[in-house]
Amino acid sequence: MTALAGALGAGAVWAQEKLGQPTDKSLGLQPGAAPLKHDAIWFHDIILLPIITVIVLFVLALLIWIVLRYNKRANPKPASFSHNTAIEILWTVIPVLILVFIAFFSFSLLRKYNDMPTPDVVVKATGYQWYWAYDYPELGVEGVESRLLPEARELKTAHAAKVPFLLGVDNELIVPVNKVVQVQVTGYDVIHSFALPAFGLKTDAIPGRLNSTWFKAEKPGIYYGQCSELCGVDHAYMPIAIRVVSEKEFDAYIIKAGGKTKAMIAAEEAAAAAAAQQAAENAAASADASATASAAAPAEADAAASAAAPAVQ
C-alpha cells in the first residue's frame, strides 16, 4: 500500500501541467488559457471521451462474448442463418443517433470559433520557410520576424538556457491580456499551420488566402505552439511563441516598434475631425459673408444712382 501511495503521489507530481507548453509524462489535453480552449476541452472530456469509452468497452465485451460463446469447441455446429433485420436496423440507427448527438455540440463549438467578437487587436501571421512574421496592420507595425533560438535546438542546451526544447524564439508575438485578438493567417511559399494548444488555435496558412481565427488570453505569460503542417525539411524548427502582457506594456511595445497605439490613433482622428469641422465652419462663415456682401452691393449701387440723378438733370 505504501508503495502504491508513493507511485500515485509521484504520478500526481508528473501530471502537474505547465501552462502554455508541453509537460513531460502528463496525460490529457494541454490546459486552456482562453475561452475557446476551455470549450474544446469540455467537448473532448465530457462529450467525446465518454462516448468513445462506452463504444470501446461495448465492442470489447461483444468480441469476448463471441470468442467464448461461438468458438468451435463451445459451438461445434454453426448456425445456418446469415441475416437479422432487427440487428441490422439497430447497428445503423444507433450510430447515426450518436453522430447527431456529437454534431449538436460540435456545431456549437464551431459557431463560437466562427462568431468572433469585435477584435481589440488585429495581427497578421505569415508563414515562411521556416519562420513566422507578424504585422499589426491597424497599428502600423510590420515585419516582426520570429525564428527559433539556436539554443532551443538541442535538449541539453535548451535545459541549460531554460528555453523550451524546439520552442524558444528570438521575437515573440506580443498581445494584451483579456483582449480579443484576431489573427489573420497566410503563407508566403507553402502551406503552414498556425497552432497554439493553450488557446485552442489551429489555422492553416495558405499562400494567396487569408484565413482568420481569434483568441482572448486570460493570464499574462508566454504560450508556445508550432507549425503543425508538414512544410519542408525544417518543419520541426518553426515554433510559435505568444507573450501575453498588460495593456500598458503592449502599448509601450507598439510605440517602441514604431507604431501607434489605438489611443494615439483615436486622438489623431479626433484632432483631424475637429480640424475638418473648423474648416467647414470657416468656409460656411466665409460663404455667408460673401452672400451678405453680394446682397448689399445692388442696394449700394441703387443708392448711389439715386444720389447722382439730380446732378445729371
Side-chain angles (χ1 to χ4, degrees), residues 1-18 21-32 35-115 165-166 191-193 195-204 206 211 213 225-233 235-236:
M1 289 295 292
T2 305
L4 178 60
L8 291 175
V13 173
W14 290 343
Q16 210 167 17
E17 296 275 2
K18 297 178 182 177
Q21 60 181 288
T23 304
D24 190 23
K25 301 178 182 177
S26 65
L27 296 175
L29 300 176
Q30 194 175 122
L36 290 178
K37 182 56 183 289
H38 294 312
D39 293 334
I41 291 175
W42 182 89
F43 177 63
H44 175 269
D45 292 350
I46 306 302
I47 302 299
L48 292 183
L49 206 56
I51 292 175
I52 293 170
T53 303
V54 170
I55 291 174
V56 168
L57 293 177
F58 177 69
V59 172
L60 178 62
L62 281 181
L63 289 173
I64 294 173
W65 178 56
I66 290 170
V67 168
L68 297 178
R69 174 65 181 82
Y70 297 104
N71 61 67
K72 186 175 181 180
R73 187 184 309 166
N75 191 39
K77 185 179 179 181
S80 59
F81 66 87
S82 59
H83 295 283
N84 186 303
T85 303
I87 290 178
E88 290 185 2
I89 292 174
L90 284 175
W91 72 35
T92 300
V93 172
I94 292 176
V96 169
L97 294 176
I98 292 173
L99 291 175
V100 170
F101 177 77
I102 293 173
F104 176 80
F105 296 96
S106 176
F107 290 156
S108 175
L109 180 59
L110 288 173
R111 192 179 301 112
K112 290 178 181 178
Y113 271 89
N114 183 69
D115 296 344
F165 178 52
L166 293 182
I191 298 177
H192 302 277
S193 187
L196 197 135
F199 296 157
L201 304 182
K202 188 179 185 302
T203 303
D204 283 347
I206 302 173
N211 290 328
T213 187
Q226 287 177 302
C227 173
S228 59
E229 189 70 50
L230 294 176
C231 58
V233 65
H235 161 67

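Not measured: the values here are computed from a predicted model.
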task: Give me the ring orientation class for Tyr70 and Trp65: parallel if the planes are under 30° apart, tilted from 30 to 60°, perpendicular past 60°.
output: perpendicular

task: Using the test ring pair (Phe, Tyr, Trp, His ring centres under 6.0 Å), find all partners of Phe43 that sit at least two apart in sequence or belong to another chain.
output: none

task: First locate atom CD1 of Ile102, then atom CG of Leu48, and finally report the distance between them rounded to the nearest 0.5 Å.
output: 5.5 Å

message: As an exercise, state the distance from OG1 of Thr23 to NZ of Lys25, rounded to the nearest 0.5 Å.
response: 12.5 Å

field: Minimum-distance pair of heavy atoms, taken over all atoms of Ile41 and Gln30
entry: CD1-O, 3.7 Å

- prompt: Excluding sequence neighbours, so at least two apart, what forms side chain to side chain contact (heavy atoms under 4.5 Å, CB included) with Pro31?
  reply: Glu17, Leu19

field: Pairs involving residues 83-98, ordered by first then second residue, that meet side-chain hydrogen bond (donor to acceptor under 3.5 Å, both in side chains) (sequence neighbours left out)
entry: His83-Glu88

query: In Å and rounded to the nearest 0.5 Å, what is the CG to OG1 distance from Asn211 to Thr213?
result: 9.5 Å

message: Taking salt bridge (charged side-chain N to carboxylate O under 4.0 Å, His left out) as the definition, give me every residue that meets it alongside Lys112, ordered by chain and number, with sequence neighbours left out.
response: Asp39

task: Of all the heavy-atom pairs spanning His192 and Glu229, show the shortest one and how long it is.
output: C-CB, 3.7 Å

statement: Closest non-hydrogen contact found for His235 with Leu230 is CD2-CD2, 3.7 Å

statement: Sequence neighbours excluded, the answer for side chain to side chain contact (heavy atoms under 4.5 Å, CB included) partners of Leu63 is Val59

message: Is any side-chain heavy atom of Ile51 closer than 4.5 Å to one of Phe101?
response: yes

- prompt: side chain to side chain contact (heavy atoms under 4.5 Å, CB included) with Asn71: which residues, sequence neighbours excluded?
  reply: Arg73, Ala74

query: If you take all heavy atoms of Pro95 and Leu90, which pair is closest and at what distance?
result: CD-O, 3.8 Å

- request: Could you list all the salt bridge (Lys or Arg N to Asp or Glu O under 4.0 Å) pairs where at least one residue sits in residues 42-58, not counting sequence neighbours?
  value: none

field: Over all atoms of both residues, closest heavy-atom pair of Leu196 and Gly225
entry: CD1-N, 3.9 Å

Set of side chain to side chain contact (heavy atoms under 4.5 Å, CB included) partners for Phe107, sequence neighbours left out: Ala103, Leu110

- request: Kindly determine whether Tyr113 and Leu109 satisfy side chain to side chain contact (heavy atoms under 4.5 Å, CB included), including the steps that lead there.
  value: CA-CA 7 Å; Tyr113 271 89; Leu109 180 59; 3.9 Å; yes

message: List the residues meeting side chain to side chain donor-acceptor pair (under 3.5 Å) with His44, not counting sequence neighbours, and say none if there are none.
response: none

message: Holding to side chain to side chain donor-acceptor pair (under 3.5 Å), I want the full list of residues that pass it with Ser228, two or more places apart in sequence or in another chain.
response: Ser193

